[in-house]
Amino acid sequence: MIARGARAQPALRRLRACVAIIAAAILAACSQPAPPPTEFAGGIAIPAGAAGLREHVDDGFRSMTAYYRFELPPRQLPALTVALRCSLGDAETGPRPAGAGDPAWFAPDPSHPHRRCQSQLASGWFYELEVDLARPERYVVYLIAFS
């Protein structure tokens, strides 16, 4: 409290310092990177060996589409297909039909051998899985989830 007749400058300086500290704390909290996701849209757990995960979500009025690309050790692929309840087809080459909302990084190389499958879970989520087999030590996995 400022005494009657005293100057307000010291109190004003303290108030400005407090505001600056609070603003800096808010800015620091907001600028922290989001933690990496632990599951795909629809509640399917992301495999522990997934590396280089990229995610893009288009959240529409009545639907949502999520795009994922990551690398995965081949030994972890069967667990992912079981979780998605899809059976991968035979290896083939050729382009997949591109969607209008596909991010630029979501472009499997059509000259690489790949396997694909689709599924629908009881939760109402649909999945399209494509696995690029060009590198036998680490597959590149492309997954679209939509509701």
Side-chain angles (χ1 to χ4, degrees), residues 1 8 10-147:
M1 179 120 206
L12 185 56
R13 277 190 224 126
R14 283 193 301 264
L15 179 61
R16 284 184 183 156
C18 286
V19 169
I21 291 170
I22 291 170
I26 290 171
L27 183 61
C30 292
S31 63
Q32 296 294 324
T38 57
E39 60 183 36
F40 300 118
I44 302 295
I46 294 174
L53 178 68
R54 294 199 64 177
E55 174 187 47
H56 175 77
V57 177
D58 285 332
D59 201 0
F61 176 65
R62 293 181 181 225
S63 66
M64 183 182 108
T65 304
Y67 300 86
Y68 303 94
R69 185 184 79 192
F70 55 95
E71 293 183 3
L72 190 68
R75 70 184 180 285
Q76 291 189 352
L77 185 59
L80 179 60
T81 59
V82 167
L84 293 172
R85 295 189 188 115
C86 71
S87 178
L88 288 167
D90 294 331
E92 57 184 49
T93 57
R96 93 170 179 59
D102 288 1
W105 51 261
F106 194 86
D109 187 329
S111 67
H112 290 178
H114 55 260
R115 297 176 69 191
R116 295 183 178 129
C117 65
Q118 298 178 345
S119 67
Q120 177 182 3
L121 300 184
S123 61
W125 283 91
F126 296 87
Y127 295 93
E128 292 179 10
L129 178 67
E130 181 164 343
V131 181
D132 184 326
L133 307 171
R135 290 181 24 221
E137 71 282 357
R138 282 194 83 73
Y139 294 154
V140 179
V141 178
Y142 298 85
L143 178 67
I144 301 175
F146 52 97
S147 65

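All values derive from a computational prediction rather than experimental measurement.
- The structure places CG of D132 at 10.0 Å from OH of Y139, a figure rounded to the nearest 0.5 Å.
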* Would V140 and E71 satisfy side-chain contact (heavy atoms from CB on, under 4.5 Å), going step by step from the backbone distance to the final call? -> CA-CA 4 Å; V140 179; E71 293 183 3; 4.3 Å; yes
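- Here the closest heavy-atom approach between residue C117 and residue S87 is recorded as CB-O, 3.3 Å.
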* Please walk me through it: do L80 and V131 pass side-chain contact (heavy atoms from CB on, under 4.5 Å)? -> CA-CA 11 Å; L80 179 60; V131 181; over 6 Å; no
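- When every heavy atom of T81 is checked against every heavy atom of L129, the shortest pair comes out as CG2-CD2, 3.9 Å.
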* After noting the C-alpha distance and the side-chain angles of L143 and I44, does the key distance pass the side-chain contact (heavy atoms from CB on, under 4.5 Å) rule? -> CA-CA 12 Å; L143 178 67; I44 302 295; over 6 Å; no
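- Separation of atoms OH (Y67) and CG (D58) is listed at 5.5 Å; rounding is to 0.5 Å.
- Residues P73 and G49 come closest through the heavy atom pair CD-O, 3.5 Å.
- For the pair E55 and W105, the tightest heavy-atom approach, listed with the atom from each and the gap, is C-CZ2, 3.9 Å.
- Interatomic distance, H112 NE2 to T93 OG1, rounded to the nearest 0.5 Å: 11.0 Å.
- A 6.0 Å sphere centred on CZ of R85 holds no more than 12 heavy atoms belonging to other residues, nucleotides or ligands.
- The two atoms that bring F40 and A45 nearest to each other are CE1-O, 3.9 Å, heavy atoms only.
- Q76 places no side-chain N or O within 3.5 Å of a backbone atom of P47 that could act as its donor or acceptor partner.
- The side-chain contact (heavy atoms from CB on, under 4.5 Å) test with I144 singles out one residue from Y127, F106, Y68, and that residue is F106.
- Applying side-chain hydrogen bond (donor to acceptor under 3.5 Å, both in side chains) to E130 and the options R116, Q118, R115 leaves one that passes, R116.
- With hydrogens and angles ignored, the 3.5 Å screen pairs no side-chain donor or acceptor of H56 with any backbone N or O of R54.
- Here the CD1 atom belonging to I46 is positioned 8.0 Å from the CD atom belonging to E39, to the nearest 0.5 angstrom.
- Smallest separation of non-hydrogen atoms from P136 and P74: O-CG, 3.0 Å.
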